[in-house]
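Here's the structure, in structure tokens; my notes come after.
Note on naming: letters A, B, ... go to the chains in the order of the sequence lines (proteins, then strands), and numbering restarts at 1 for each one. Computed from a prediction, not measured in an experiment: that's the story for all the values here.
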Amino acid sequence: MPELPEVEYTARQLRASIVGATISNVQVFWERTVGHPDLATFLLEVSERRIEGVRRRGKFLLIDLSGDFFLSIHRRMTGNFLLLPPGWQIDTSLRTDDVATWNTRGPTFMPENGVENSHSRETSYCRVSFDLSDGRRLLFTDPRKFGRIELWSAQREAEALRGLGPEPFGSTFTVEYLTGELARRRIGIKQALLDQTLVAGVGNIYADEALFSASIHPLRRSDSLTPAEVRLLHEGVISVLTLGIEHGGTSFNDYRDLWGEAGDNYNHVHVYKQAGKPCPRCGSLIERMVIAQRSAHFCPGCQKLIVL
DNA sequence: ATTTAGACCTGTCAGC
DNA sequence: TGCTGACAGGTCTAAA
């Protein structure tokens with residue numbers, strides 16, 4: 001679900017709200033969500049640590065903890081963070097013997113007095129709850145259970161994040177770097193953009209948007225781009241990610257910010273999920289095709305497969 | 001070296 | 001109304 005802009009937006013919200021807080025307790029409702037280390041160690045080691053900072057690397061959210069540890073969170077398709085004000089507790093009266101329902105939807109959280117005090121908050125599908133010592137709760141919700149939370153010592157950060165290419169906003173992601181990486185691959189350009197070792201953080205939405213921005217067909221072979229096209233693509237990747245962050249991320253279905261609110265970038269995409277609608281640039285109808293088992297959206301008028 | 005199919009999971013929506 | 005299949009912001013593994 002979340003790509004770089006969604007993770008970055010959430011990281012900024014977390015940075016402004018939980019740095020300095022202490023995790024008093026952790027509850028895990030779906031064991032496989034914890035990817036490292038084993039569950040018992042995770043539960044033991046996370047408690048009583050102070051949150052020192054929040055960072056992002058590619059699509060990973062990193063929460064630095066006291067004692068030189070950090071949490072790495074990958075939300076995969078449907079993972080979200082939700083911050084609850086003090087007073088919200090698990091509604092034990094709703095827990096039944098229906099283990100299947102509990103395993104699927106997780107616990108239900110209710111505000112202290114039984115009345116919502118601000119926004120409505122969807123607390124279903126909670127897989128992990130971090131209880132903060134000031135009474136707040138940070139929930140990791142994830143209907144499809146693909147998301148992973150790991151605890152690593154600071155000196156093993158390289159191991160925890162192995163295989164990640166340069167940050168799109170970093171100094172190593174240059175036109176020269178992109179030119180070299182694309183030239184030594186013989187795959188479709190859409191696939192290349194989704195390869196996290198080439199550049200970290202681009203997913204299906206922003207890959208399609210970046211290719212539209214650069215007027216490049218998603219099936220073009222990566223080593224066939226002209227220098228001008230690589231420059232446009234480099235610029236396109238950076239600009240669509242920047243706009244995504246500015247709009248608070250793209251919410252088609254599941255993505256929500258820390259307060260449970262949808263992102264606004266949905267109203268600013270040009271091709272993603274827009275099949276059948278007119279291209280905002282040339283008026284041709286946007287098409288959808290399947291590339292590498294993922295849907296790809298493009299304008300057949302602006303993004304020609306054959307370079308004339 | 002790439003590509004493809006299948007896992008991992010649950011929900012929604014279109015069509016019959 | 002109920003069932004079936006397609007599809008969903010991701011990534012990994014095995015087999016071709």
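Proximity note for A:Arg144 (side chain, C-beta onward) versus B:dT2, C:dA8, C:dT11: the nearest is C:dA8. Out of B:dT10, C:dT11, B:dT3, the shortest distance to the side chain of A:Gln191 is found at B:dT3. Taking every side-chain heavy atom of A:Ser295 into account, C:dA8 is the closest of C:dA8, B:dT3, B:dC9. Set against B:dC9, B:dT2, B:dT10, the side chain of A:Thr104 has B:dT10 as its closest nucleotide. Distance from the side chain of A:Lys145 is smallest to B:dC9 among B:dC9, C:dA8, B:dT2.
In this entry the distance linking CZ of A:Phe146 with P of B:dG6 reads 16 Å, nearest Å. A:Gln293 has its CD atom 7 Å from the C1' atom of B:dA5, to the nearest Å. The CG-C1' distance, from A:Asp142 to B:dC8, rounds to 11 Å in whole Å. The interatomic distance linking A:Phe29 (CZ) with B:dC9 (C1') rounds to 19 Å, in whole Å. One can place CD1 of A:Ile187 at 12 Å from P of B:dT4, the figure rounded to the nearest angstrom. Nucleotide B:dA1 holds its P atom 9 Å from the CZ atom of A:Arg184, rounded to whole Å. Regarding A:Arg105, its CZ atom lies at a distance of 10 Å from the C1' atom of B:dT10, rounded to whole Å. Taking atom CG of residue A:Asn80 and atom P of nucleotide C:dA8, one finds them 19 Å apart after rounding to whole Å.
For the P atoms, the distance linking B:dT4 with C:dC7 amounts to 16 Å, nearest Å. Rounded to whole Å, the separation between the C1' atoms of B:dC8 and C:dC3 comes to 24 Å. Distance noted for atom P between C:dA8 and B:dA5: 16 Å (whole Å). B:dA7 and C:dG5: their P atoms are spaced 16 Å apart (whole Å). Distance check on atom P: C:dT11 versus B:dG11 gives 22 Å, rounded to whole Å.
Comment: A:Arg127 does not engage A:Asp142 in a salt bridge, judged by the lack of any side-chain N to carboxylate O separation of less than 4.0 angstrom. Ion pairing of A:Lys190 with A:Asp208 is present here, as a side-chain N (NZ or NE/NH1/NH2) and a carboxylate O approach within less than 4.0 Å. Under the 4.0 Å criterion applied to side-chain N and carboxylate O atoms, A:Arg55 and A:Glu157 are assigned as salt-bridge partners. Using a cut-off of 4.0 Å between Lys/Arg side-chain N and Asp/Glu carboxylate O, A:Glu229 and A:Arg220 are scored as salt-bridged.
OP1 or OP2 of C:dT11 has at least one side-chain nitrogen or oxygen of A:Lys59 nearer than 4.0 Å. The phosphate of C:dC7 (OP1 or OP2) has a side-chain N or O of A:Arg288 nearer than 4.0 angstrom. Within the 4.0 Å cut-off from OP1 or OP2 of B:dC9, not a single side-chain nitrogen or oxygen of A:Tyr125 is found. Listed pair A:Arg186 / B:dA1 fails the phosphate criterion, with no side-chain N or O lying under 4.0 Å from OP1 or OP2. Phosphate contact (OP1/OP2 of B:dA7, side-chain N/O of A:Arg32, threshold under 4.0 Å): absent.
Summarising the base pairing, B:dC9 is matched to no nucleotide, lacking a Watson-Crick or G-U wobble pair whose two defining distances lie under 3.5 Å.
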* To do: Using the ring-ring contact (aromatic ring centres under 6.0 Å, His included) rule, take A:Tyr9 and A:His247 through it: C-alpha gap first, then chi angles, then the decisive distance, then the call.
  => CA-CA 9 Å; A:Tyr9 194 71; A:His247 294 137; over 10 Å; no
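The one candidate from A:Phe212, A:Phe252, A:Tyr206 that meets the ring pair (Phe, Tyr, Trp, His ring centres under 6.0 Å) condition with A:Tyr272 is A:Phe252.
Nearest-nucleotide positions on DNA chain B for A:Asn253 and A:Gly188 put A:Gly188 closer to the 5' end.
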